[in-house]
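Heads up, the thing below is written out as structure tokens.
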Amino acid sequence: MDFDLKQFAVPHFIISEKIATFAQTLHAKALLTFYYMFENKTIRIIFVAVIALGLASYFSGLSIDVTRDAGKYATVSKEMLQNGHFINLKIHGEPYDQKPPLLFWLGALGFAIGDISNFWFKFPVLLLVFFGFYSAYGLGKSLYNRRVGFLTALLLSFSLIYSLYSMDIHTDTPLQAFVTFALWQLSEFIQTKKNKHWILGFIGIGMAMLCKGPIGAIIPAFAVVGHLLLKKDFRAFADYRWYLGILLSFIIVSPALIGLANQFGWDGIVFFFWENNVGRLAGTYVKPNSDPAFYVHNLLFLFLPWSLLFFAATFMEFKSLFISRFKASEYFTFTGIWIFFIILSASRSQLPNYILSIVPLIGVLTAKWIDIALIRKSQLLKIFRPTQTVVVVLLWLAIGVISFYLFPFPQWQTLLIAATGLAATLYIFIQCKTSITRFILPSVIGFACLAYLLNADIFPYIFSYQAPPKAARYFNENAAPGEKLYNFHYPQYELFFYSEPQASQISSEEELTAVAGKDGHWIFTDAQGFDTLEKLNAEADTIIQYRHLYLNRGGRFIHPKTREQVLQPMYLIKY
């Protein structure tokens, strides 16, 4: 067996030629340890079952209603299919410039294959999420070894951020998949110089830009350019294929640029490349909201159940870099994570989903140090293992508190799954001796049970307090042919997605006066809009009041004692 430093996922400064033979023996032993968990029939059954449960939790999220940004994206996708505006994007018949078209193409494709529904809007995106997991395996394998690749895919698959944003779709959801794919292929290109990896890498960048603009190119650029600079591989920049690749990415992103130029002229191109990304980060385009520690404390729960391991891995990574005077086998994770992380932390517009695109690199970094701990059987494993045991205990406590106090009405199937998962966790802790099994599998089981509980029971309950989908469905079922639905004074887009025929927007009180009181007209509005309508003295045939949850107030909704206090009245009025 040839000695290859990459196979160890260990900083190369700790390896010398004198201990190469020992390292080879250690590596072979590590492989046996890593794969031993699959030689035990009971563990194989548990592992297959938990993978099935993970899939079930992801698919459970596909039927949950869309709201806020996801509602807007679903509406654009619906109008794209119905009106054929695949390049010149529109919403309410007006030009739309906020996001590039790829997410909307995916939604329209889903609607064309199936029907206009939650499932068919989310399903094509979920397939891309799974593609992202495979790409994460490829990235971890390319940078280190198969074990790190497998662990990376496992960490991402069973993490809260992926579970959450596969249910609540953002443009970052498909973006992360193409960013991961691009990083994988460009890593392979740097190592092999093969044209197929060069082409696929820049196709990935182009597709990422079709998801969310230049940010799709910036993250791979930070990782690749930073890696080459820190490796002092300056000759690589003389390879003309890097510059042809940039041209290839621009060709792929050209449909977005053409649509913007058609509808907004040069201002649309400037918006795409500058204001829509840099303007958000600088706080000039959206409302400023700056907290330097925002992404630290968000990662603490978004990367559950692996967040504490990531923080520990970060400490170990920086420690090893300082000891080695910044010598490492790769710098993709270093420059790919931290340059973008610092920019996000310093930005004046901060949302949790912005961090998603570097989570694959975070996964690689965490998997690398897990692999080091397992291979070397060092003190590191003695820190990692009890830390993760505490996380497992907290996961099960969270499941108990959610099921029996916060939302004490889970389905019996969910309780049965949780009880089985708890029994499997106890079996592993009591019976299994293999380090990786005891270290990784209980966290996977606990998180899979929690994710299923959330997507199958809790989120459907929370989203049942969304008034617009209820009002739209009531209109669809009860409106006579020719009757029309209007939206007034509610700024989100769910009503337009769920209503058929699609609701129209009332943008002024003059328009409201022209619509209110006319036979066959329905108006959906909030409390302030209802007060405005009452002043018009238009006699209503039917008034239906809903209790609506604004999800930005969801924290107080979670606690049973404050749940009713955050629900706001919304109205559907028929004339």
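Values below: every heavy atom of this structure, side chains too, minus hydrogens, waters and symmetry copies.
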Q: For the pair F524 and Y490, name the ring-plane relationship: parallel under 30°, tilted 30 to 60°, perpendicular over 60°.
A: perpendicular
Q) Listed by chain and number, what are the ring pair (Phe, Tyr, Trp, His ring centres under 6.0 Å) partners of Y571, not counting sequence neighbours? A) F530
Q.
Check this for me: does any side-chain nitrogen of one of E494 and K470 sit under 4.0 Å from a carboxylate oxygen of the other?
A. no
Test side-chain hydrogen bond (donor to acceptor under 3.5 Å, both in side chains) applied to [X] - qualifying residues, sequence neighbours left out:
X	answer
H489	D526
Y575	none
R241	N195, D239
D541	none

Between [X] and [Y], which heavy-atom pair has the shortest distance, and what is it?
X	Y	result
A223	L183	CB-CD2, 3.5 Å
F178	C211	CD1-SG, 3.8 Å
G421	C449	CA-SG, 4.0 Å
D172	L356	O-CD2, 3.5 Å
F121	S77	CE1-OG, 3.7 Å
P255	W105	CB-CH2, 3.8 Å

Q: Could I get the full list of salt bridge (Lys or Arg N to Asp or Glu O under 4.0 Å) partners for K122, not counting sequence neighbours?
A: none
Q. Quick one: salt bridge (Lys or Arg N to Asp or Glu O under 4.0 Å) partners of E511, sequence neighbours excluded?
A. none
(Q) Quick check for you: to the nearest 0.5 Å, what is the distance between T542 atom OG1 and L572 atom CG? (A) 8.5 Å
Q) Which value, rounded to the nearest 0.5 Å, describes the distance between S249 atom OG and I205 atom CD1? A) 5.0 Å
(Q) Just by distance, no angles: are the side chains of Y354 and N298 close enough, under 3.5 Å, to form a donor-acceptor pair? (A) no
Q: Would you kindly say whether Q263 and K90 are connected by a side-chain donor-acceptor distance under 3.5 Å?
A: yes
Exceeds 12 heavy-atom contacts within 6.0 angstrom, atom [atom1] of [X]:
X	atom1	result
F264	CZ	yes
Q505	CD	yes
Y134	OH	no
K484	NZ	no
D519	CG	no

Those residues that, when tested against [X], pass side chain to side chain contact (heavy atoms under 4.5 Å, CB included) (two or more places apart):
X	value
T171	Y73, K99, L103, K212
S166	Y58, L126, V129
S135	F131, T180, F181, W184

Q | salt bridge (charged side-chain N to carboxylate O under 4.0 Å, His left out): pairs with one or both residues in residues 258-273, sequence neighbours excluded | A | none
Q) How would you list all residue pairs meeting salt bridge (charged side-chain N to carboxylate O under 4.0 Å, His left out) that involve residues 57-67, not counting sequence neighbours? A) D65-R473
Q. Do side-chain atoms of H197 reach the backbone of L186 as a donor and acceptor pair under 3.5 angstrom?
A. no
Q: Start with the C-alpha distance between F133 and Y162, add both sets of side-chain angles, then the distance that settles ring-ring contact (aromatic ring centres under 6.0 Å, His included), and finish with yes or no.
A: CA-CA 10 Å; F133 294 153; Y162 276 88; 5.2 Å; yes
Q) Do Y96 and K72 come within less than 4.5 Å of each other through their side chains, counting heavy atoms only? A) yes
(Q) Could you go through S57 and N455, starting from their C-alpha distance and side-chain angles, then the distance that decides it, and tell me whether this counts as side chain to side chain donor-acceptor pair (under 3.5 Å)? (A) CA-CA 6 Å; S57 71; N455 278 348; 4.9 Å; no
